[in-house]
Amino acid sequence: QVQLVESGGGLVQPGGSLRLSCTVSGIDFSIHMDWYRQAPEKQREWVAGITRGGATNYANSVKGRFTISRDNTKNTVYLQMNSLKPEDTAVYYCKPTSFDSWGQGTQVTVSS
């Protein structure tokens, strides 16, 4: 059974930074991982992805501000978020690309 535990969210001012973590268990971590987010009254959207080998790609809305990374020894994927904007406010989720499993998410609120 896949288990995903996201953490690291919080309240931050515009221009600030946060680092999200997602620990994965129950599956072989040698898989492509993604981060998604869902803002209030909006559909969930893909944010970033990373292959087992560390190749990354990003949604245009976060490119240059967010960095996805992973530590395969810890079964953990990260999302470093810099230059945060109010429109980044959302619940953030990690997900293995090939599994239809979701964690509880972690709330990120960008507000002054």
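Taking OG1 of T23 as the start and CD of E6 as the end, the distance is 9.5 Å to the nearest 0.5 Å. The CH2 atom of W46 sits 12.5 Å away from the NZ atom of K95 when rounded to the nearest 0.5 Å. Taken from OG1 in T56 to NZ in K63, the straight-line distance is 9.5 Å, to the nearest 0.5 Å. Here the CG atom belonging to L20 is positioned 12.5 Å from the OG1 atom belonging to T76, to the nearest 0.5 angstrom. A distance of 3.5 Å separates CG in D34 from OG1 in T97, rounded to the nearest 0.5 Å. Note that the CG atom of L18 and the CD atom of Q80 stand 8.5 Å from one another [nearest 0.5 Å].
Under the 4.0 Å criterion applied to side-chain N and carboxylate O atoms, D88 and R65 are assigned as salt-bridge partners.
Judged as a disulfide (SG to SG under 2.5 Å), the pairs with a partner in residues 7-112 (not counting sequence neighbours) are, in order, C22-C94.
Residue L79 is grouped with residue V62 when hydrophobic side chains (ILVMFWY) are merged at heavy-atom distances under 4.5 angstrom, including chains of intermediate members. W102 and W35 are not part of a single hydrophobic cluster, where members link through side-chain heavy atoms under 4.5 Å apart. In this structure, F29 is a member of the same hydrophobic cluster as V2, with clusters built from ILVMFWY side-chain heavy atoms closer than 4.5 Å. Taken together through direct or relayed side-chain contacts under 4.5 Å among Ile, Leu, Val, Met, Phe, Trp and Tyr, V91 and V12 form parts of separate hydrophobic clusters.
Here the shortest heavy-atom pairing between S111 and P14 reads C-CD, 3.6 Å. Of all non-hydrogen atoms in Y58 and T67, the two that sit nearest each other are OH-CA, 3.4 Å. When all heavy atoms are compared, the tightest approach of R37 to S61 is NH2-OG, 3.5 Å. Taking all atoms of both residues into account, the shortest heavy-atom contact from S17 to S83 is OG-N, 4.4 Å.
Annotation: cation-pi geometry not satisfied between R70 and Y78 (NZ/CZ under 6.0 angstrom from ring centroid, within 45° of ring axis).
Under the 3.5 Å distance criterion, the side-chain polar atoms of S101 are left unmatched by any main-chain donor or acceptor of F99. A donor-acceptor contact shorter than 3.5 Å is absent between the side chain of T89 and the backbone of T109.
In this model, no donor atom of one side chain and acceptor atom of the other lie less than 3.5 Å apart for Y36 and R44.
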Without placing hydrogens or testing angles, list every side-chain donor-acceptor pair under 3.5 Å for residues 47-55, not counting sequence neighbours.
unit_1 : atom_1 : unit_2 : atom_2 : d
T51    : OG1    : G53    : N      : 3.3
T51    : OG1    : G54    : N      : 3.2
T51    : OG1    : A55    : N      : 3.0

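Note on ring orientation: taking the six-membered ring where Trp is involved, the planes of Y92 and F66 are tilted (angle from 30° to 60°).
Proximity of S25 to V5: side-chain heavy atoms (C-beta onward) are nowhere separated by under 4.5 Å.
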